[in-house]
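Note sheet for the following structure.
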Amino acid sequence: MREKTVEQKLVAAVKKMGGICPKWVSPGFDGMPDRIVLLPGAKIGFVEVKAPGKKPRPLQVSRLTLLRKLGFKVYVLDEPDQIGGILDEIRST
């Protein structure tokens, strides 16, 4: 399965929950997560999407750590079966 397929499943699941999941492009600040998950009730999380079994690059790990230190929910998604748990955790915070 390709990263694009995992990403499409995430976007569809967020939409089904009444939220949006825009692609995040951050010019001049490489390594930021691929998607921002915005759910009803002002719930937000950041998701780095990878192909199954793939891991974030060192710069991506650094950016994910930075966002976590700022208090945001940040996830690495590499399997579609992780989507429900990630979205439940974002929704419950």
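No chain of hydrophobic side-chain contacts below 4.5 Å, direct or via other Ile, Leu, Val, Met, Phe, Trp or Tyr residues, connects Phe29 to Leu59. In the hydrophobic cluster analysis, where Ile, Leu, Val, Met, Phe, Trp and Tyr join through side-chain heavy atoms closer than 4.5 angstrom, Ile20 is grouped together with Val74. Under the 4.5 Å side-chain heavy-atom criterion for ILVMFWY residues, a single connected hydrophobic cluster contains both Leu39 and Tyr75. Residues Val47 and Val25 do not share a hydrophobic cluster, defined by chaining ILVMFWY side chains whose heavy atoms lie under 4.5 Å apart. By the rule that hydrophobic residues join a cluster once side-chain heavy atoms approach within less than 4.5 Å of another member, Ile44 and Val76 end up as members of one cluster.
Of the residues Ile90, Asp88, Ile83, the one that meets the side chain to side chain contact (heavy atoms under 4.5 Å, CB included) test with Ile86 is Ile90.
Inter-residue side-chain proximity for Leu67 and Met32 is flagged as met; some heavy-atom pair is nearer than 4.5 Å. Side-chain atoms of Lys54 and Asp78, non-hydrogen and from C-beta on, never get closer than 4.5 Å to each other. Here the side chains of Arg91 and Met17 are in contact, with some heavy-atom distance below 4.5 Å.
The neighbour count for Lys43 NZ, taken as heavy atoms of other residues, nucleotides or ligands under 6.0 Å away, is above 12. Counting non-hydrogen atoms of neighbouring residues, nucleotides and ligands closer than 6.0 angstrom, the NZ atom of Lys69 reaches no more than 12 such neighbours.
Of all the heavy atoms in Val11 and Cys21, the pair that sits closest is CG2-O, 4.0 Å. The two residues Pro52 and Glu79 have their closest heavy-atom pair at CB-OE2, 3.2 Å. Listed here is the closest heavy atom pair of Pro40 and Gly18: CG-O, 3.6 Å.
For the atom pair CD of Glu48 and CD of Glu7, the computed distance is 9.0 Å after rounding to the nearest 0.5 Å. Note: Gln8 CD to Leu10 CG = 11.0 Å, rounded to the nearest 0.5 Å.
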Derivation and outcome, side-chain contact (heavy atoms from CB on, under 4.5 Å), residues Leu77 and Arg35:
CA-CA 10 Å; Leu77 169 65; Arg35 294 282 176 165; over 6 Å; no
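Panel note: side chain Arg63, backbone Asp30; a donor-acceptor pair is recorded below 3.5 Å.
Under the salt bridge (Lys or Arg N to Asp or Glu O under 4.0 Å) criterion, Glu89 pairs with Lys73, sequence neighbours left out. Phe46 pairs by the ring pair (Phe, Tyr, Trp, His ring centres under 6.0 Å) definition with Trp24, Phe72, not counting sequence neighbours.
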